[in-house]
There are 2 protein chains.
Amino acid sequence: MSRSPQPYACGVDAAIDVISGKWKAYILWRMADGPKRFGELRRLVPGITERVLIRHLRELEADEIVLRTEFAQVPPKVEYSLTPAGVALNAALEPLADWGHERMDRIAAARQPATRTG
Amino acid sequence: MSRSPQPYACGVDAAIDVISGKWKAYILWRMADGPKRFGELRRLVPGITERVLIRHLRELEADEIVLRTEFAQVPPKVEYSLTPAGVALNAALEPLADWGHERMDRIAAARQPATRTG
DNA sequence: CGGGATCCATCAAGATACTG
DNA sequence: CAGTATCTTGATGGATCCCG
C-alpha cells in the first residue's frame, strides 16, 4: 500500500494509506498524551532512524495529522503535536487497537515461519 | 510495514500489520456480504493481479481473517469467507472507514505533488 | 476455474555520515 | 537539537507464462 495515486474506493483505503507506514500508528499513539519533540519521539520509538522518523512525520504533517511547530531559539526546538484530525484518527483507531490487542499473538504467530521449540 | 518479525508494541501495530497490504482492506470489505470465489474477487478488485490477490488471500488466511474452502469438483471451486475474527475486524474498521471517508479528499490531495492547473 | 513459478520495477526502510 | 544526503537492501506489487 502506501500513498497510491488512485482515488480511494472507500474510506478504509484512505485511512489505511495514512497510517500504513511502519511506525506511523505507533508514533501517533505516542503523541496522544501531548506534544513531543523530535528527540523525544526518537527515544519513544526505539529502533527507528532519524531518516525514517522525519519522513513519517512529514507525511503525517502533509495529511494534517500532526502539526509541526518550530521555535526560533538558539538550541533548535521543534514540537510535534496532534491536530484535531489526528486526535480523531487516534479515537477511530481504538476499536482496531482493541481488536489487534486480543489477536496479537495469533498475528505474531502467523509471522513465525516455524514452531521453533528449541 | 508489513509482517514485521518484532513483537508488537500495541494492538494497533498488529492490526495495521494485518491490513496493510495494498488491497487487503478492500478485499475484506468485499467479502463482508458473503463468501466469494477467486474469480469473483478478481472482478471485485479491479486492477489486482492473480498473484497479488492469492498472496493477500493467503496472508489473510494465515492471520485467520479469511477462511478458504475448497470444493472437490470437476470445475475447481474455492470459496473465501470471513472468519469470526474477520467479521470483528471489519467491524473494528468501521470508525476508521468513517474517519477516512470524511478526510478522503484531503488525503488524496496530499498525495498529489502539485496543483497541476493546466 | 483457480492457482503456481519466474522475472522485474518500485519504494519504503535501514545504515551511516554530515550540517545548521 | 533537528534535521539532510547518499547508498543499499528487502519487501511489495506487477506482468507473463504455465499447470491441474
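Small disclaimer: the values here were computed from a predicted structure and weren't measured. Labels below follow one simple rule: chain letters A, B, ... track the order of the sequence lines, proteins then strands, and each chain is numbered from 1.
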Check the phosphate of [N] against [X], side-chain N and O only, distance under 4.0 Å to OP1 or OP2. Yes or no?
X	N	answer
Arg55(B)	dA5(C)	no
Lys22(A)	dG14(C)	yes
Arg68(B)	dG3(C)	yes
His56(A)	dA12(C)	no
Tyr80(A)	dG3(D)	yes

Rounded to whole Å, how long is the line connecting atom [atom1] of [X] with atom [atom2] of [N]?
X	N	atom1	atom2	result
Phe71(B)	dG20(D)	CZ	P	24 Å
Glu70(A)	dG20(C)	CD	P	15 Å
Asp17(A)	dT12(D)	CG	P	16 Å
Leu57(A)	dG3(D)	CG	C1'	11 Å
Ile19(A)	dA12(C)	CD1	C1'	16 Å
Arg58(A)	dA13(C)	CZ	P	16 Å
Arg111(A)	dA11(D)	CZ	C1'	13 Å

Considering all heavy atoms of both residues, which atom of [X] and which atom of [Y] are nearest to each other, and what is their separation?
X	Y	result
Val18(B)	Leu60(B)	O-CD2, 4.1 Å
Ala92(B)	Pro95(B)	O-CD, 3.3 Å
Ala15(A)	Gly100(B)	CB-CA, 4.2 Å
Ser20(B)	Ile16(A)	CA-CG2, 4.5 Å
Asp63(B)	Arg111(A)	OD1-NH1, 2.7 Å
Ile48(A)	Val45(A)	CG2-O, 3.0 Å

Next item on the list: Compare all side-chain heavy atoms of Leu41(B) with those of Leu57(B) and state whether any distance is below 4.5 angstrom.
Entry: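 Sidechains of Leu57(B) and Leu41(B): in contact.
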Next item on the list: For the helix from dC1(C)-dG20(D) to dG20(C)-dC1(D), measure the angle between the helix axis at one end and the axis at the other, each built from five pairs, rounding to 10°.
Entry: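 Overall, the helix from dC1(C)-dG20(D) to dG20(C)-dC1(D) bends by 50° from one end axis to the other.
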Counting only pairs under 3.5 Å, give me each side-chain donor-acceptor contact of residues 25-35 of chain A, with atom names and distances, residues two or more places apart or in other chains.
from     : atom 1 : to       : atom 2 : distance (Å)
Tyr26(A) : OH     : Arg30(A) : NE     : 3.4
Tyr26(A) : OH     : Arg30(A) : NH2    : 3.0
Tyr26(A) : OH     : Leu44(A) : O      : 3.4

Applying side-chain hydrogen bond (donor to acceptor under 3.5 Å, both in side chains), which residue pairs with at least one partner in [range] are found, sequence neighbours left out?
range	result
residues 88-106 of chain B	Glu64(A)-Arg103(B), Glu64(A)-Arg106(B)
residues 70-80 of chain B	Arg68(B)-Glu70(B)
residues 40-51 of chain B	Arg42(B)-Glu50(B)

Checklist line | Check: Ile65(A) main-chain N/O paired with Thr83(A) side-chain donor or acceptor under 3.5 Å | finding: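 Checking the backbone N and O of Ile65(A) against the side chain of Thr83(A), a donor-acceptor pair under 3.5 Å is found.
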Note to self: So Pro75(B), base contact, sugar-phosphate only, or nothing? Heavy-atom distance under 4.0 Å.
What the structure shows: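 The residue Pro75(B) makes no contact with any strand.
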Next item on the list: Specify the residues of residues 41-54 of chain B, ordered by number, for which at least one heavy atom lies under 4.0 angstrom from an atom of DNA chain D.
Entry: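 Hits under 4.0 Å, by residue number: Thr49(B), Arg51(B), Val52(B).
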Checklist line | Interface residues of residues 28-38 of chain B with DNA chain D (non-hydrogen, below 4.0 angstrom) | finding: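 Heavy-atom cutoff 4.0 Å gives no residues at all.
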